Protein chains: 2
Amino acid sequence: MDEVPGTSDRILEVAGQLAQRRGFNGFSYADIAAALKITKASLHYHFATKADLGRALIARYTERFQAALDALEGTPANILRRYVKLYEDVLVRDRMCMCGMFAAEYSTLPGPMRNELRRFFNKNEEWLARHLEQGRTNGGFEYEGSSVEMARMLTAGLEGAMLLARSFEDPKRFTATAERLLAELNVPSSRKRS
Amino acid sequence: MDEVPGTSDRILEVAGQLAQRRGFNGFSYADIAAALKITKASLHYHFATKADLGRALIARYTERFQAALDALEGTPANILRRYVKLYEDVLVRDRMCMCGMFAAEYSTLPGPMRNELRRFFNKNEEWLARHLEQGRTNGGFEYEGSSVEMARMLTAGLEGAMLLARSFEDPKRFTATAERLLAELNVPSSRKRS
DNA sequence: GTCTATAACGAGATAGAC
DNA sequence: GTCTATCTCGTTATAGAC
């Protein structure tokens, strides 16, 4: 395990970074080629069309995000704080959530990418709803109504907060909004010791 | 008043629609020209560069949005419900908030557009914080902490919810999340009579 | 698997006639 | 103000040699 990455992987790595910073319509094969010092033609060997590349980008992102979620441990409150921190880490590296980015570009995306995008949000929602449920049962979370609805509110809030924080070039704006969102669940700020 | 719109206005109207559906990088002068049945060269007479056009688009959007906000009337709870309905109306016409859209494209936008974008969000935040404050004083709103922070949470939630609703091609997803957000303020759903 | 070369198209933008 | 014509460049994509 942890082998030397092949060309396809390195393409996905660079393209992913570009996509998270500039959006799917904001980068080109030329950008990737320049970064990897190979030619555009070589890229097409690995990903015949940009739609193929886009689909692979989301699939990889979903897989990695899911792995990060599955690795989160602790009390329900701490798991949720660490979940928020995943977003924060993306932001401080000057990136946006890839799927939040692509969601904005939704109407210009090829069909296969749209489906892959929904898959990401569905998996995210499922994980979040499950952990909210657990937190309500035995983690001190307080909210009324469906956990799925609450998961959707949190996701919307976090994605929107990333968008706004980037527009103001101020990651702290994200942190503040994220803390307010958690406060709605009665999850105290990580700065206060619980 | 209510004069026949000149060419510049018609350009902004069409370009605005395209921008709200496909993003700033998702439409071209050719698209506008086709819709208005004039040539691309004519467009450049009115807006020399696309950056100029983009800046004018945000300025106009800000102005119109502000006018819509100032026209909202009723109890604090009803004003807030009508505020949410402004977003909803955009969504059901198959559009996204122009500035939410541009926020996603932030890193690819020309500098003048970035400044204009922040101006929009600042004005929106100011209006919202003011009305939240009023609602807390004499409208039954319940929340802790700063009204500005709460305004930012609401804006993030609403923008994010629009993004997600569009990805699932389901405006009801927005409505549900918006109601959850208002519920956090103790603003009851508009479906229940208060 | 990577290269050179090029096709085929669309983008933003300009010159200059009317 | 709007047009025709054109420029220059960037885009995705392909053919075929190595």
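In what follows, chains carry the letters A, B, and so on, assigned in the order in which the sequence lines appear, proteins first and then strands, with residues in each chain numbered from 1. The shown structure was predicted, so the numbers you read here are calculated from the model rather than taken from an experiment.
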Next item on the list: Mark yes when over 12 heavy atoms from residues, nucleotides or ligands other than B/R64 sit less than 6.0 Å from its CZ; otherwise mark no.
Entry: no
Checklist line | B/T7 vs D/dT2: side-chain N/O to OP1/OP2 distance below 4.0 Å | finding: yes
Next item on the list: Please report, rounded to the nearest Å, how far the P atom of C/dG10 is from the CG atom of B/N25.
Entry: 18 Å
Notebook entry, point to check: What class does the angle between the rings of A/F24 and A/F102 fall in, given that below 30° is parallel, 30 to 60° is tilted and above 60° is perpendicular?
Noted result: perpendicular
Margin query: Check the orientation of B/F65 and B/Y61. Use parallel for under 30°, tilted for 30 to 60°, and perpendicular for over 60°.
Written below: parallel
Notebook entry, point to check: Is A/S42 near enough to C/dG1 that one of its side-chain N or O atoms lies under 4.0 angstrom from OP1 or OP2?
Noted result: no
Check: CG of B/D52 versus C1' of C/dG12: gap in Å, rounded?
Finding: 12 Å
Next item on the list: Could you go through the side chain to side chain donor-acceptor pair (under 3.5 Å) check for B/E184 and A/Y143 one step at a time?
Entry: CA-CA 9 Å; B/E184 303 298 335; A/Y143 60 91; over 6 Å; no
Check: Rounded to whole angstroms, how far apart are NZ on B/K37 and P on D/dT2?
Finding: 15 Å
Check: Is any side-chain N or O of B/T39 closer than 4.0 Å to OP1 or OP2 of D/dT2?
Finding: no
Item checked: Where protein sits on nucleotides 5-18 of chain D, one letter per nucleotide: B base, S sugar-phosphate only, - none, heavy atoms under 4.0 Å -> ------SBBBB---
Margin query: Let's go through B/R81 and B/N78 carefully: what are the C-alpha distance in whole Å and the side-chain angles of both, what is the deciding distance for side chain to side chain donor-acceptor pair (under 3.5 Å) to 0.1 Å, and is it a yes or a no?
Written below: CA-CA 5 Å; B/R81 287 193 199 101; B/N78 275 333; 2.6 Å; yes
Check: Over how many whole Å does the gap from B/L43 atom CG to C/dA11 atom P extend?
Finding: 12 Å
Note to self: Among residues at least two apart in sequence or on other chains, which ones pass side-chain contact (heavy atoms from CB on, under 4.5 Å) with B/A30?
What the structure shows: B/S28, B/K40
Checklist line | Whole-Å gap separating P (C/dG1) and OH (A/Y45) | finding: 4 Å
